[in-house]
Amino acid sequence: MSDVAVSVEVPAPAGTAWLALTDWERQGEWMLGTSVRVVSGNGRSVGSRLEAFTGAGGVGVTDLMEIISWEPPVRCTVRHLGKVVRGTGAFHVQARGPQHSALVWSEDLDLPFGPVGKAGWLVAKPAFALGLRRSLERFARFAESYVVGR
């Protein structure tokens with residue numbers, strides 16, 4: 001298992017940050033190189049499944065996830081079900097006052113390919129964490145101006 005966690009301060013109330021975060025179909029507006037869609041369920045309950053594609057020009061990785069914990073407006077946990085991406089991910093929104101919050105995104109990944117995968121992760125993890133940090137900085141701006149149903 002390998003883990004990574006990144007957090008960002010969000011200039012929006014926790015409830016707004018939660019709604020922006022779980023607007024899965026719009027995640028591509030702030031998550032670098034990623035598009036997400038709900039493939040079963042309503043996307044807002046345990047058992048719902050999401051599919052995320054990260055890449056460019058049709059080359060990339062598809063990540064099938066199942067929501068295993070749904071605790072609005074605080075936490076969502078997913079299980080990664082793919083052949084390459086496996087493990088769990090969690091999104092945790094923390095209130096920081098009436099107009100501010102924080103988002104903590106964490107991943108606990110099962111690395112594929114044994115020792116080769118572990119060695120590859122040592123190289124890839126800093127770039128992954130940097131990309132995630134950039135995405136969460138974009139999320140903070142997205143959440144600040146988020147309007148439901150837009």
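- In plain terms, the two heavy atoms of Ala143 and Ala12 that are nearest each other are O-CB, 3.7 Å.
- Under the side chain to side chain donor-acceptor pair (under 3.5 Å) criterion, Trp30 pairs with no residue at all, not counting sequence neighbours.
- Under the 4.5 Å side-chain heavy-atom criterion for Ile, Leu, Val, Met, Phe, Trp and Tyr, Val61 and Leu132 are members of the same hydrophobic cluster.
- The shortest heavy-atom contact between Arg26 and Val147 is NH1-O, 3.7 Å.
- Taking every heavy atom of both residues into account, Tyr146 and Leu19 meet most closely at OH-O, 3.6 Å.
- Considering all non-hydrogen atoms of both residues, Leu32 and Gly131 come closest at CD1-O, 3.6 Å.
- For Val104, the side-chain contact (heavy atoms from CB on, under 4.5 Å) test picks out Ser7, His92, Gln94, with sequence neighbours left out.
- Pairs engaging residues 90-104 under the salt bridge (Lys or Arg N to Asp or Glu O under 4.0 Å) rule: Glu9-Arg96 [sequence neighbours left out].
- Counting only residues at least two apart or on different chains, the ring pair (Phe, Tyr, Trp, His ring centres under 6.0 Å) pairs with a member in residues 61-81 are Trp18-Trp70.
- Arg86 pairs by the side chain to side chain donor-acceptor pair (under 3.5 Å) definition with nothing, not counting sequence neighbours.
- A donor-acceptor distance shorter than 3.5 angstrom exists from the side chain of Trp24 to the backbone of Gly43, with no hydrogens or angles considered.
- Once rounded to the nearest 0.5 Å, the distance linking CG of Asp3 with OG of Ser106 reads 8.5 Å.
- Partners of Gln27 under the side chain to side chain donor-acceptor pair (under 3.5 Å) rule, at least two apart in sequence or in another chain, do not exist in this structure.
- Clustering of Ile, Leu, Val, Met, Phe, Trp and Tyr side chains at separations under 4.5 Å places Leu81 together with Val39, Leu64.
- In terms of heavy atoms, Thr88 sits closest to Ile68 at CG2-CD1, 4.3 Å.
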The test is side-chain contact (heavy atoms from CB on, under 4.5 Å); show your working for Val10 and His100 and say whether it passes. CA-CA 6 Å; Val10 181; His100 296 281; over 6 Å; no
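- In this structure, Thr77 has no side chain to side chain donor-acceptor pair (under 3.5 Å) partners at least two apart in sequence or on a different chain.
- Contact detail for Ser101 and Ala17: the closest heavy-atom pair is OG-CB, 3.5 Å.
- Taking the side-chain contact (heavy atoms from CB on, under 4.5 Å) definition, one finds that Ser35 meets it with Phe53, sequence neighbours left out.
- In terms of modelled atom types and a separation under 3.5 Å, the side chain of Thr34 and the main chain of Thr54 share no donor-acceptor contact.
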Walk me through it: do Glu51 and Thr62 pass the test side-chain contact (heavy atoms from CB on, under 4.5 Å)? CA-CA 7 Å; Glu51 183 180 81; Thr62 299; 3.5 Å; yes
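- Residues meeting the side-chain contact (heavy atoms from CB on, under 4.5 Å) test with Pro13, sequence neighbours left out: Thr16, Gln99.
- When side chains are defined from C-beta on, Met31 does not count as touching Phe142, because their heavy atoms never get closer than 4.5 Å.
- Residues Val46 and Met65 are members of one and the same hydrophobic cluster, defined by side-chain heavy-atom contacts under 4.5 angstrom among Ile, Leu, Val, Met, Phe, Trp and Tyr.
- The CG atom of Leu103 lies 8.5 Å from the CZ atom of Phe91; values are rounded to the nearest 0.5 Å.
- Screening residues 62-81 for salt bridge (Lys or Arg N to Asp or Glu O under 4.0 Å) gives Arg49-Glu66, Glu66-Arg79 as the qualifying pairs, with residues at least two apart or on separate chains.
- The side-chain hydrogen bond (donor to acceptor under 3.5 Å, both in side chains) pairs that include a residue from residues 127-143 number zero, where partners must be two or more places apart or lie in different chains.
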Using the side-chain contact (heavy atoms from CB on, under 4.5 Å) rule, take Val6 and Leu136 through it: C-alpha gap first, then chi angles, then the decisive distance, then the call. CA-CA 8 Å; Val6 175; Leu136 294 189; 3.7 Å; yes
